[in-house]
Number of protein chains: 2
Amino acid sequence: MEIQLQIKMNEKLFLRDPVQSELGKKIILHSIQLIHQSGFEAFTFKKLAEAIGTTEAGIYRYFENKHRLLMYITAWYWSWLEYQVAFHTHNIQDPVVKLKKIIQLLATAVEDDVATSHIDESLLHQIIITEGSKAYLTRKVSEDNKDHLFKPYKDLCAKIGNIILECKPDYQYPKSLSSTIIEMAHFQNFFMNNLPSLTDFGRSKDESEIVNFIENLVFSSLNRPAKTEE
Amino acid sequence: MEIQLQIKMNEKLFLRDPVQSELGKKIILHSIQLIHQSGFEAFTFKKLAEAIGTTEAGIYRYFENKHRLLMYITAWYWSWLEYQVAFHTHNIQDPVVKLKKIIQLLATAVEDDVATSHIDESLLHQIIITEGSKAYLTRKVSEDNKDHLFKPYKDLCAKIGNIILECKPDYQYPKSLSSTIIEMAHFQNFFMNNLPSLTDFGRSKDESEIVNFIENLVFSSLNRPAKTEE
DNA sequence: CTTTAAAAGATAGTGTTACTATTATTTAAA
DNA sequence: TTTAAATAATAGTAACACTATCTTTTAAAG
């Protein structure tokens with residue numbers, strides 16, 4: 001049985017749909033590899049074109065510029081992750097168990113998903129950790145947001161927020177806690193590997209400790225006894 | 001009484017010390033203004049030179065490139081904030097009160113500090129929210145880290161970590177919680193203003209709600225009853 | 001099997017960015 | 001008053017971020 005997973009992307013993310021052609025798929029595949037290798041700053045359409053064996057102009061027919069390409073791959077990642085979440089939490093009743101599963105999915109290295117041949121999810125995960133926030137930390141956020149380019153991220157955040165509310169219906173900050181979980185899963189990973197003294201996992205470099213930390217944080221808050229102290 | 005606050009910066013951050021000359025101070029002042037106006041991506045040494053009334057080559061005598069300049073102003077900010085923390089928590093005994101004060105300092109807009117004439121801290125605070133993480137989210141982190149360029153950030157993180165331990169000596173993740181507080185104070189602010197659906201403060205756009213959220217999160221964790229549930 | 005259109009490839013060109021180098025002028029200390 | 005340091009002025013280069021145009025290939029439609 002061979003199943004190919006297709007994620008429908010917002011059309012504003014590209015000029016020509018990359019999944020519709022060989023060249024398009026090569027662009028995605030190689031841009032992930034190149035960005036992973038040398039980082040987004042050093043990544044250029046020229047290098048990408050050389051890696052693929054096409055020309056700069058060829059890439060520009062698919063993506064307006066490299067920032068839009070980054071937007072595309074991050075949006076793809078969040079969509080894919082939402083699918084992963086749906087898949088792995090399916091049939092789980094207890095919202096606490098669900099939420100733990102989600103934290104684990106967020107904070108743990110992913111394996112390459114065979115259902116998407118032109119994308120290496122484990123590389124992508126690494127990229128999102130380092131480059132993901134650059135997709136929105138720009139002056140064009142609001143503009144990009146109006147084009148709904150962050151919808152996958154927001155959908156995932158909303159979904160996690162709802163599960164948080166299932167755990168504790170009167171919790172006041174489901175969305176903020178949700179975005180905190182997402183961001184911290186990545187930031188703590190980046191810090192652990194690059195600025196270890198900002199974390200408590202610098203020695204072990206063990207992702208499961210990030211899971212423990214986030215679980216501790218989240219469930220302390222959600223299991224908190226009704227207002228007495230403070 | 002007029003007191004000027006001087007922060008000693010790591011010499012690797014610059015080629016020529018900007019606080020030692022008028023031109024240098026202008027570079028800092030105007031770069032903060034320009035980055036605040038149009039963002040770090042759009043910021044160039046040419047524009048900066050024009051704004052100051054000098055030449056590109058003039059700027060290059062002070063800073064190797066614009067990334068180093070960003071490193072400089074972020075490092076300056078964290079040093080200044082550590083001083084603020086020391087100042088505002090001085091004479092406070094209760095570590096919980098201290099920690100609350102720190103959360104408030106991190107998450108709340110700062111007023112311009114008159115003791116530093118060439119720097120507008122309120123603009124700087126805005127810059128750090130949007131551009132701060134770009135200082136370390138690069139391929140050069142480890143290299144920059146070896147030059148101790150992140151020391152101010154790490155010092156602040158360690159300081160907060162110690163106060164966390166004062167609150168709860170057996171807490172397992174003081175450093176991770178500390179970096180989480182710092183990052184979330186900024187990220188939730190960015191989200192609140194730019195991608196409000198990722199937070200629960202999109203309506204009010206009230207910074208004090210960020211303070212409440214972070215306090216809730218932190219003190220749930222620190223007041224957590226000794227292992228029983230979960 | 002041929003026409004036609006779309007996609008891709010090849011090539012060239014432009015303005016901007018990120019620098020480096022050189023020389024002249026100002027300023028400020030010896 | 002000399003001298004050195006800092007600054008200003010100017011020029012130049014390689015890479016980057018595009019845009020334009022034209023030709024060839026490919027693939028669908030008639």
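A, B, ... follow the sequence lines: proteins, then strands. Residue 1 opens every chain.
Taking the six-membered ring for Trp and the full ring otherwise, B:Phe213 and A:Tyr173 have centroids separated by under 6.0 Å. Ring centroids of A:His125 and A:Trp76 are separated by 6.0 Å or more, keeping the two rings apart.
Of the candidate nucleotides D:dA6, D:dA8, C:dC19, D:dA8 has the atom lying nearest to any side-chain atom of B:Thr54. Considering only side-chain atoms of B:Ala57, the nucleotide from D:dA8, D:dT10, C:dC19 that sits closest is D:dT10. Closest to the B:Tyr60 side chain, of the nucleotides C:dC19, C:dA10, D:dC18, is C:dC19.
Between the base of C:dC19 and the side chain of B:Glu56 there is a donor-acceptor pair shorter than 3.5 Å.
The CG atom of B:Asn65 sits 14 Å away from the C1' atom of C:dT20 (whole-angstrom rounding). We find that CD of A:Gln20 is positioned 13 Å from C1' of C:dA7, with the value rounded to whole Å. Counting to the nearest Å, the P atom of D:dC16 and the CG atom of A:Leu34 are 12 Å from each other. Rounded to whole Å, the distance from CD1 on A:Ile59 to P on C:dA7 is 16 Å. Separating the CZ atom of B:Phe63 from the P atom of D:dA6 is a distance of 15 Å, rounded to the nearest angstrom. Atom CZ in A:Arg68 sits roughly 16 Å away from atom C1' in D:dC18 (whole-Å rounding). In this structure, B:Leu15 places its CG atom 13 Å from P of C:dA21, rounding to the nearest Å. When the P atom of D:dT26 is taken as reference, atom CZ of A:Arg16 falls 16 Å away, rounded to whole Å.
Among the heavy atoms of the strands lying under 4.0 Å from B:Tyr62 are primed sugar atoms or P, OP1, OP2 only; no base atom is included. Within the 4.0 angstrom heavy-atom criterion, base atoms lie near A:Thr55. Across all strands shown, B:Lys66 has heavy atoms under 4.0 Å from sugar-phosphate atoms exclusively, and none from any base.
In this structure, B:Glu64 and A:Gly24 both approach DNA chain C, and ranking their closest nucleotides by distance from the 5' end singles out A:Gly24.
An OP1 or OP2 oxygen of C:dA8 is reached within less than 4.0 angstrom by no side-chain nitrogen or oxygen of A:Arg61. The phosphate of C:dA8 (OP1 or OP2) has a side-chain N or O of A:Ser21 nearer than 4.0 angstrom.
Here B:Glu131 pairs with A:Arg139 in a salt bridge; the nearest charged N to carboxylate O distance falls below 4.0 Å.
Ring orientation note: the planes of A:Tyr136 and B:Phe190 are tilted relative to one another, at an angle of 30° to 60°.
Counting only distance, with no hydrogens or angles, the side chain of A:Asp144 and the backbone of A:Leu149 share no donor-acceptor pair below 3.5 Å.
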